[in-house]
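In this text the structure is predicted, and so the values were computed from the model without any measurement. Just so you know, ligand 1 is whichever comes first in the structure, and atom 1 is the first atom listed for that ligand.
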Amino acid sequence: MPDLTDNALLNGYDMALKTNTKPANDRIGWRFDNSYARLPQSFYAQLHPVPVRAPQVGILNHALAESLGLDFCTLSEEEAALLFSGNALPDSMQPIAQAYAGHQFGNFTMLGDGRAILLGEHLTPAGKRYDIQLKGSGQTPFSRHGDGRAALAPMLREYIISEAMHALDIPTTRSLAVVTTGESVMRETMLPGAILTRVAASHIRVGTFEYVARTGDKAGIKTLTDYVIQRHYPGLSEAENPYLALLNRVIERQASLVAKWLLVGFIHGVMNTDNMAISGETIDYGPCAFMDAYDPDTVFSSIDYHGRYSYSNQPHMAQWNLTRFAETLLPLIHPEQEKAVALAEQAIHAFPEIYQAHWIAGMQKKLGFFTEDAGDTELIADLLTWMYKHKADYTRSFHALASEDFPKDAVFQDAEYVEWHARWQARLSIQSEPSASALCLMRANNPAIIPRNHRVEEALAAASERGDYSLMHRLLAAVTNPYTDAPEYSDYCTPPAPSEGVYQTFCGT
Ligand code: AMP
Ligand code: MG
């Protein structure tokens, strides 16, 4: 661990550090058991977050705290700020920065937590294990040339989008808190700094496997893989070939995850292998956003010049990343390389079919179908083609199908749409389930409210530039109840006017 007493940064922080938060931490109910810190030391570096000047709470997620068995009720704002900035941590935490590598836009790089610290693993009263991580917590041995810090707006973006994704029933890391640091970070301009507290099933990535494989540590790969099986997929240890079974399970999880993304119009933005979690959760929200008008080529990320991570390319990129994962497992899958490759290839080649099955099943629910019909694929394709041609809003077009008052938008008066609508009605009428059940199915699968990018930007600007969190709270209230047609949030249901559209989001800030 670096000697923090040598750190000039510390001089201004005596006040913050002297405050005794031990009683507060005892009251909260942390139960730490840090299994990752018991793995080989080459997997991480032990160090504390770098303290910050003047931490203040931006937002706390009380509902998430409760579901983790944590009690924030008696936590003062001051105590919360000290805790979630990392300025004062309970002794039971064993802060580490995790080592990993990654293919970034196709190029292999050694990475690691350059601006994050894993505080430890909290066990809920039900015995579920969650990583508690600070993001933006200062430099680590993996920072390369970065300052280890994060700006407020991107941390709030992660908070909003991750909580919206959770409400949409999409596996994701969660956001427990955002604190501002009282320090500025230098980006293109000076911006307010912040730290996000992230909760995850784990932070083990495809890139974690790539890191251990690249160091040539054969025993290490087995140790990591056995650990992952035990932590995330314990049932697989009984399989005939647990390592091949793990590959298949991760393929299945990712196929299901990415299908869910496409079904709600989500674009991750930076699907590098270091941003793909082995648990199957969406992780590392950077320049992510939801698509408004349907266009398969939609890209938001300002650094994605070639559309590598465009909306419709996400399944291909997931398969590409899974191939990198499979490569690291080869020595475990079979002692003979040729046989290992054949087995891994077979598993990877199954991805498109598994993905497609998840996507079609999701689309059928969105259209209110309980069973499969031979014509469904064409019916779905025709709707999407129509949306594309008319720049129709993806979310609104699906949500309209089960609306009590069909929206009077001009686009839905189009003759081609009217013809499609009649075909869809005919298809619905041949199923035996009552139409009320079909409506229920559609309402549970077509959100009314997604965190539209122009509304996210508006909320981030208010919080980050003016310290006004009211828009953020309102947006959060709306997007965490995405299937409810709440009249008070009807303004969140409409796509941006041409003048309001936001077409770029920025990474690494
Ligand atoms: P991301 O694009 O956030 O997934 O980050 C990619 C890699 O760059 C990760 O290893 C991060 O830890 C690292 N990184 C991003 N921003 C910074 C920063 N400001 N300082 C140090 N490392 C960073
Ligand atoms: Mg990342």
Exercise for review: Please determine if Lys135 has a nitrogen or oxygen closer than 3.5 Å to a nitrogen or oxygen of ligand 1.
Suggested key: no
Counting only protein N, O or S atoms and ignoring waters, those under 2.8 Å from the Mg ion (ligand 2) are Asn275 OD1, Asp284 OD2
(request) Mark the output for His145 as yes if a heavy-atom distance to ligand 1 is under 4.0 Å, and as no if none is. (result) no
Original post:
Touching ligand 1 at all, Gly112? Heavy atoms, strictly under 4.0 Å?
Top reply: yes
Check your understanding: Looking at Tyr492, does the NZ or CZ of Arg452 lie under 6.0 angstrom from its six-membered ring centre and within 45 degrees of the ring axis?
Key -> no
- prompt: Hey, are Lys135 and Asp113 close enough for a salt bridge, meaning a charged N less than 4.0 Å from a carboxylate O?
  reply: no
One finds that the ligand 1 atoms under 4.0 Å from a non-hydrogen atom of Gln104 are 6 (C)
Under 4.0 Å from one or more heavy atoms of Asn275, ligand 1 contributes atoms 4 (O)
For residues Tyr130 and Ser202, is any side-chain donor paired with an opposing acceptor at under 3.5 Å?
no
TODO: State plainly whether the residues Glu158 and Arg198 are in salt-bridge range, i.e. N to O under 4.0 Å.
DONE: yes
**Asked** Closer than 4.0 angstrom: is that true for some heavy atom of Arg144 and an atom of ligand 1?
**Response** yes
The reported gap from OG in Ser175 to CG in Leu60 (rounded to nearest 0.5 angstrom) is 12.0 Å
Asp284 heavy atoms within 4.0 Å reach ligand 1 at atoms 4 (O)
Quick look: Phe142 vs ligand 1, heavy-atom contacts under 4.0 Å, and the answer is neither
One finds that the ligand 1 atoms under 4.0 Å from a non-hydrogen atom of Arg187 are 19 (N)
With heavy atoms and a 4.0 Å threshold, my read on which part of Asp147 contacts ligand 1 is both
Lys222 meets the side chain to side chain contact (heavy atoms under 4.5 Å, CB included) criterion, sequence neighbours left out, with Asp226, Tyr243, Leu332
Residues passing the ring pair (Phe, Tyr, Trp, His ring centres under 6.0 Å) test with Tyr44, sequence neighbours excluded, are none
Tightest non-hydrogen contact, residues Ala463 and Leu152, listed as O-CD2, 4.0 Å
Q. Under a 4.5 Å cut-off applied to non-hydrogen side-chain atoms, are Ile59 and Met472 in contact?
A. yes
*asked:* Looking at Asn34 and Met93, would you say the former's side chain and the latter's main chain have a donor-acceptor pair under 3.5 Å?
replied: no
Would you check whether Gly148 has a nitrogen or oxygen atom less than 3.5 angstrom from a nitrogen or oxygen atom of ligand 1? yes
Original post:
Below 3.5 angstrom, do we get any N/O pair linking Arg149 and ligand 1?
Top reply: yes
Is any N or O atom of Leu111, backbone or side chain, closer than 3.5 Å to an N or O atom of ligand 1? no
Does Tyr211 reach the side chain of Leu111, with side-chain heavy atoms less than 4.5 Å apart? no
Sorted by chain and number, sequence neighbours left out, ring pair (Phe, Tyr, Trp, His ring centres under 6.0 Å) with Tyr159 holds for none
Q) Hey, is Ser143 one of the residues with a heavy atom under 4.0 angstrom from ligand 1? A) yes
- request: Measure from the side-chain N and O atoms of Gln314 to the backbone N and O of Phe266, and report whether any donor-acceptor pair falls under 3.5 Å.
  value: yes
